[in-house]
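Shown next, in structure tokens, is the structure this report addresses.
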Amino acid sequence: METRSSKRKRLLQAKPEFQTAIDRITHLPDDVLHRILLLLPIKTVAQTSVLSKRWKLLWSSFPDLDFTTVDPHCISCFCFDLCGGQPASVFPNPKTLNCISQTLGIRQRGADIRVLRFQARLGFSRLNGLIRTAIRHHVQELDMDVSTDDYFNVPRCVVMSESLKSLSLKFRPPGFRLPPSLKGGFQSLQCLFLSHMVFYKKPFLLDLFSGSAFPVLRKLTMDSFCGMKFLDVGCQALEDLTIENCFQLHGLTVSGPRLEKLRVVSCFESSSDKSWVKIIAPKLRVIHWEHNAITEESCLENLDSMEEAFIGFFSIDEATTAEQYKSVSNVLSGLSQAHCLTLQTQCIQILSINHYSTISLHPFHNLKTLKLHTILDKNNIGGLLCLFRSSPTLHTLILKIITHFKAEKRKAWNKELWDHKSSSEEQYWESRSQTFRSFLQHLKVVKMEGLVESESEIGLIKFLLKHGMALQEMILCSGHCNSRDPVRRNEIRSQMMGFSWASSSAKLAFR
Amino acid sequence: MITLRSSDGETFDLDEVVAVELQTIKNMMEDGCAESVIPVPNVEGKILAKVIEYCKKHVKSTAKAEEHALSDADLKAWDSDFIKLDQATLFDLIMAANYLDIKSLLDLLCQTVANMIKGKSPEEIRQIFNIKNDFTPEEEQEIRRENQWAFQ
């Protein structure tokens, strides 16, 4: 029988694989091991603390603490804090574990935290404690998605932190408040996301983003600022600004020497008088304006770098006032340098209003692509005409047709609409074609989506084929269920061949 | 042409376009302190050979490289063959990639090690990597308690 010692000797003298039972992984340097651990979910990383003493140290100095992958119930507590002298109502949860507190509790002294990210429902004192500990460990990126029972006052240490580069405060209603004075604060902050910040006692925050705070802020997102009426954003280093769901907004001023991207969605109070928006941003390339009520006054100045603009308004079905019309045409004129413009249906409807059409738009000299999401009918044609007149060098026209829910879906093939005789819709275009001659001389690609073969659509298609001198491609995508009917397509095609096209190289495609 | 010399005296010739994948070497070249033969004292010959093999495969965009360029799928397949290594070579490669600052190789190797750890219990991890447990049973209990949420 082999004794243990003789077995050991045998194994040692055997092949090299049995000899090298060396722990090689532990000899890697800290930063390399952290790099490996960063690829694992945080729960696994925490478990490695039990492997050996070295690994325990690795965990207690682990730089990125992202608890969002952990079950949120494990961080929450359902204890209410003592606030306003009310007795505390405590609903203890026997299974409550506090991952973050435990992790921060065993944190190695001097081990800075790079990222702290979590999602939870917390009481005030716990949330305050977490924030203070993170700031004390020089956290660079703090990302919280929390709900509290009452307004939470963000502690001043957050404002004064010199290490904080990225801050994301996503609260649920009722929301949070920042300290009243931010002077000298947020000196290193580059990226800021605020959701559900409360403004009711201070509807003015005119100097929040235009004073000395936020000297290096590059990206700012504001969502659901309850009660905010006036906003002035003028951070010197700001490149990317997003404002969403600020329904009580009356006045917005945005000025930034470095601003490149602006997104404003679902803002402005529709019933307010004297609302305004003013944008002065010489480097602005991209603007996305959607679902916003039309402001009384709009002023877009110096947008010389404009490339891409998306404009859509929120309008209740009331008659547009003269001021609103002027406001919309100011917005569009302010975007006159754009290369690519997308307009939603309200813009087109407003431009179509006859008695205001004496105001003409500033021409879009750089415009190469025009995308229109619109209803196409007799009421909207005027708006299209206005745009064609103002787009002298347009390359591509894309019409995404929205069908009014009341419109009849034409199922039967109506041959007459497609024949070579000019319909009244076509005549509308033909009688005015001199006013947008340049447009017809340059237009190369037309794409129409969601076609229901209404008279207006067919009139326009025929007109463009007959008069589009530079036309290369016309793509038609049907909105019908029987869209792929090849027989129908062939019928349309053969009808189209029956009249002369202005451009001999034009191709017709169906999708 | 750049020549690298490993710790055990082996030399390797590389095109400049491959040499710049090694950030450390690239910095040397830019700072002008790259002599005719660059010593790489921390890395053995057989490991340096593997590093260079990886870089040659992954070198991007010159006209010459495009002829031999592999598609993304092919490259991924080559990578998964490349990482079939014994632990000794794997960790030596990690140290080399770290020293020579080759991000893509380091990412690949770290992901390989992470995949070996993922989903395993601490005991299994110790076995795979031969990690010696230097805790007393009481100490180990203490750590499990301190990080209770992770062991639930």
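Each chain gets a letter, A, B and so on, in the order the sequences are listed, and its residues count up from 1. Side chains are part of it too, since the values below use all heavy atoms of this structure and drop only hydrogens, waters and symmetry mates. The structure presented is a predicted model; accordingly, all values stated were derived computationally and were not measured.
- Proximity to chain A is limited to the side chain of B/Asn98, based on heavy atoms less than 4.5 angstrom apart.
- A salt bridge links B/Asp92 and A/Arg24; the closest N-O separation between the charged side-chain nitrogens and carboxylate oxygens is under 4.0 Å.
- In this structure, the portion of B/Lys132 lying under 4.5 Å from any heavy atom of chain A is its backbone and not its side chain.
- For B/Asn27, the side chain to side chain contact (heavy atoms under 4.5 Å, CB included) test picks out B/Gln23, B/Glu30, with sequence neighbours left out.
- How far CG of A/Leu51 is from CG of B/Asp134: 10.0 Å, rounded to the nearest 0.5 Å.
- For residues 37-47 of chain A, the interface with chain B (any heavy-atom pair closer than 4.5 Å) comprises A/Leu39, A/Leu40, A/Pro41, A/Ile42, A/Lys43, A/Thr44, A/Ala46, A/Gln47, sorted by residue number.
- Of all heavy-atom pairs spanning B/Cys110 and A/Ile36, the tightest one is SG-CG1, 3.7 Å.
- Two residues are said to be in side-chain contact when any heavy atoms from C-beta on lie closer than 4.5 Å; B/Met95 and A/Pro29 meet this criterion.
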Go through it in stages, so that I can follow the logic: the residues are A/Val50 and B/Phe151, the test is side-chain contact (heavy atoms from CB on, under 4.5 Å), and I'd like the CA-CA distance, side-chain angles, deciding distance and then a yes or no.
CA-CA 10 Å; A/Val50 95; B/Phe151 293 99; 4.1 Å; yes
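- Ring centers of B/Phe129 and A/Trp55: at least 6.0 Å apart, outside the cut-off.
- When each of B/Leu106, B/Leu90, B/Asp86 is checked for heavy-atom pairs under 4.5 Å with chain A, B/Leu106 comes out on top.
- Only the side chain of A/Ile106 comes within less than 4.5 Å of a heavy atom in chain B; its backbone stays farther off.
- At a 4.5 Å heavy-atom cutoff, B/Glu123 makes no contact with chain A through either its backbone or its side chain.
- The contact between A/Ser49 and chain B is made by backbone and side chain atoms together, counting heavy-atom distances below 4.5 Å.
- For A/Lys53, the parts lying near chain B are the backbone and the side chain together; criterion is any non-hydrogen pair under 4.5 Å.
- A/Glu260 is linked by a side-chain hydrogen bond (donor to acceptor under 3.5 Å, both in side chains) to A/Arg285, counting only residues two or more places apart in sequence or in another chain.
- Residues passing the salt bridge (Lys or Arg N to Asp or Glu O under 4.0 Å) test with B/Glu146: none are found, sequence neighbours excluded.
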